[in-house]
Trainee: 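The structure follows.
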Amino acid sequence: MAASADKVKDLDAAAADTRLRRLLMQREVQLLLVLVVFTLLVRAGGAKGFLGPTHFPIFLSQVAPDMLVVIPMAMLLIGGMFDLSVTGVANLSVVLIGWTFSRLLGTLDDTLLIILVVAIGLTAGLIVGAINGLAVTRLRMNPLMTTLATWWMAQGAATGVAGGESRHNFVGAFRDIARHQPLQGLGEAFPFLQEMRISTLPLPVFYALIVIFLGWLVLTRTRFGWHIFATGSDRQGAALNGVNVNRVTLIGFIATGMAAAMCGIVWASRLTSAPPNTLGGLELRVIAAAVIGGAALTGGEGSVLGAVLGLFFMHMIRSATIQLGLPVYWEFFVLGAVLFTAVAFDAWAKRRADTQ
Amino acid sequence: MDAAQAQLEREGVDASAPEPLLIARNISKSFGHVQALSDAYVAVRAGEIVALVGDNGAGKSTLIKVLSGAHRSDAGDIIVRGQRVTINNPNDSFDLGIATVYQDLALLPSRDVVANLYVGRELTSRGLLDRRKMTEEANRVVRQLRTNLPSVNTPVRFLSGGQRQAVAIARVVHFGAEILLLDEPTAALGVKESHEMLSLIENLKEQNKGIIVVSHNLAHVFRICDRITVLRHGQTVGTLIKEDTDSTEVVRLITGADLL
């Protein structure tokens with residue numbers, strides 16, 4: 001009896017010892033440390049206001065549109081898939097909005113027209129997402145090639161519909177989608193919010209917060225979320241255990257497509273113009289961010305918090321390059337090096353775990 | 001020992017005891033021109049551990065796969081709890097309370113023990129996962145198997161080979177498996193872990209499960225098994241009661257040296 005009590009105590013001690021180590025092995029914790037160190041270095045390097053009270057709200061509104069996409073993309077990666085078509089989808093949604101406005105401006109009530117263009121934009125995302133999902137699940141097509149193809153088709157359709165024009169005749173109120181500051185009134189009542197510039201945060205930051213919260217809730221608190229992990233870890237095994245893996249994949253692609261469309265809507269609102277090349281490199285930016293945040297390209301691993309921090313890091317590098325006055329041309333070199341390091345680190349950690 | 005004697009031996013063993021949970025007899029299976037099984041027989045009762053031994057290619061894995069629904073047999077009878085059944089796929093096998101724990105466990109390495117126990121059958125309350133209840137249940141299952149895991153919230157990737165196997169076994173037991181097919185449960189384990197695994201299998205026996213263990217390790221076989229079924233060239237050449245035999249005899253049956 002005494003011996004077994006001792007054994008339990010030993011196990012507890014061992015557990016406490018490994019708990020700290022395990023915490024430090026969490027990608028989110030590592031990444032957070034990297035972000036803090038990076039911020040301090042950039043500040044020490046001369047950009048004193050980097051992520052300070054003036055910069056931070058601006059930084060958040062710059063990150064927000066990408067954030068809408070990185071969350072469902074991370075969930076798709078965790079489920080063992082990925083989607084290259086998001087840039088094409090976002091641009092298609094931008095162009096369809098511009099085209100609809102140019103055709104219907106003045107013929108409809110403004111509010112109705114705004115609802116209509118948002119619905120058209122989201123529907124484009126839904127359709128491309130559904131095509132991706134059905135192609136991958138029903139036709140067993142390879143996700144890389146499928147979404148490369150739909151990316152080109154969506155981008156081509158965007159360019160084709162635009163026909164070389166970026167239309168500028170938008171309903172004025174459409175700007176509010178990206179520019180409205182919902183806490184403005186609160187800022188007048190509570191001056192400290194104004195001082196910290198929280199009251200100036202525009203709507204997309206709140207869309208992003210909602211998407212982050214929903215992503216976290218679904219992934220960690222619902223059966224569907226656990227099914228995403230199971231599908232990505234072992235698709236056949238999950239299916240044998242009663243997980244509807246095709247449904248997981250289809251919903252994942254549709255969510256990603258609609259998020260990309262929403263990203264396009266925010267950009268169209270911010271620019272009030274609709275060029276077919278509004279977004280560039282969105283797909284690699286969000287996939288890289290999710291991977292830096294610990295999502296495995298092989299599926300089964302990753303988290304919403306990791307994706308958020310990963311995207312922050314991508315944008316922090318961009319901001320720092322500008323604020324430190326470094327040649328912007330080197331930005332991609334740095335991003336590539338960071339991605340390379342993250343992937344190399346994953347491979348190293350995996351090798352180590354395998355040999356243990 | 002000739003074939004008739006072996007036949008007597010196995011009939012005699014089975015007639016004296018209660019109805020087996022599972023009987024598989026005259027099972028044959030060929031892959032193209034390769035006859036993997038021609039007349040295989042194995043039976044297991046509740047609260048009994050039967051070892052399935054034989055040389056490489058003797059048909060042990062094929063027989064396990066027939067019982068787990070991974071392969072369909074060409075001929076033969078499978079009788080579960082006195083009823084003749086057909087097993088066409090893994091779900092049929094699962095529904096009959098037969099669970100197979102393979103060497104490559106099909107666990108989700110990035111997920112914790114709780115998630116692995118409940119994959120596909122998660123508990124919810126008001127639409128959201130009931131994580132507390134699942135954790136409590138998982139703790140209960142793990143305690144019941146008397147296996148030591150650091151915590152049920154540990155990702156499986158941090159567990160040792162033996163602990164992973166315990167999780168895989170806990171999963172099938174938790175979902176009501178009464179007949180367990182274990183394929184080389186100690187092959188990948190160190191000495192200490194092997195002993196823990198064998199104790200776990202003995203616990204399962206105490207819980208009245210019927211267990212068929214495929215193993216190459218005769219020391220392990222003799223430590224835990226009640227009976228030993230020997231396959232050679234796809235045929236069951238005999239079923240020995242542990243108390244009546246020794247490893248020399250088993251080896252002779254496995255290799256066919258007794259015929260010389």
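Chain letters run A, B, ... following the sequence lines, proteins first and then strands; every chain starts at 1.
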Trainee: What residues of residues 75-87 of chain B sit under 4.5 Å from chain A when you count only heavy atoms?
Mentor: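 Under the 4.5 Å heavy-atom cut-off, nothing qualifies.
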Trainee: Does any backbone or side-chain atom of B/Phe94 lie under 4.5 Å from a heavy atom of chain A? Answer side chain, backbone, both or neither.
Mentor: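 Neither part.
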Trainee: Working to the nearest 0.5 angstrom, can you tell me the gap between A/Thr222 OG1 and B/Glu122 CD?
Mentor: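 Rounded to the nearest 0.5 Å, the OG1-CD separation comes out at 9.0 Å.
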Trainee: Any ion pair linking B/Arg157 and A/Glu301 (charged N to carboxylate O, less than 4.0 Å)?
Mentor: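 Result for this pair is yes, salt bridge flagged.
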Trainee: Surrounding NZ of B/Lys205 (heavy atoms of other residues, nucleotides or ligands, distance under 6.0 Å), is the total greater than 12?
Mentor: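 More than 12 within 6.0 Å, yes.
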Trainee: Taking atom CZ of B/Arg121 as the centre, does the number of heavy atoms from other residues, nucleotides or ligands within less than 6.0 Å exceed 12?
Mentor: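 More than 12 within 6.0 Å, yes.
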Trainee: If you look at every heavy atom in B/Leu108 and A/Asp234, which pair is closest and at what distance?
Mentor: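 The answer is CD2-CB, 4.1 Å.
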Trainee: Looking at CZ of A/Phe224 and CG of B/Leu129, how far apart are the two atoms once the value is rounded to the nearest 0.5 Å?
Mentor: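 Rounded to the nearest 0.5 Å, the CZ-CG separation comes to 12.5 Å.
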Trainee: Less than 4.5 Å to any heavy atom of chain A: does that hold for the side chain of B/Asn91, its backbone, both, or neither?
Mentor: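 When you check distances to chain A, only side chain atoms of B/Asn91 fall under 4.5 Å.
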Trainee: For B/Phe31, does the CZ atom sit with more than 12 other heavy atoms under 6.0 Å from it, leaving out its own atoms?
Mentor: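 More than 12 heavy atoms, drawn from other residues, nucleotides or ligands, come within 6.0 Å of this atom.
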Trainee: With a 4.5 angstrom heavy-atom cut-off, which part of B/Ser151 approaches chain A: side chain, backbone, both or neither?
Mentor: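 It is neither, since no heavy atom gets under 4.5 Å.
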Trainee: Hey, what do you get for CZ (A/Arg223) to OG1 (B/Thr124), rounding to the nearest 0.5 Å?
Mentor: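 Rounded to the nearest 0.5 Å, the CZ-OG1 separation comes to 6.5 Å.
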Trainee: Please report the shortest heavy-atom distance between B/Gly120 and A/Val243, naming the atom on each side.
Mentor: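 That closest heavy-atom pairing would be CA-CG2, 3.9 Å.
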Trainee: Would you check if A/Trp226 and B/Met134 make a side-chain contact, meaning some heavy-atom pair closer than 4.5 Å?
Mentor: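 Sidechains of B/Met134 and A/Trp226: in contact.
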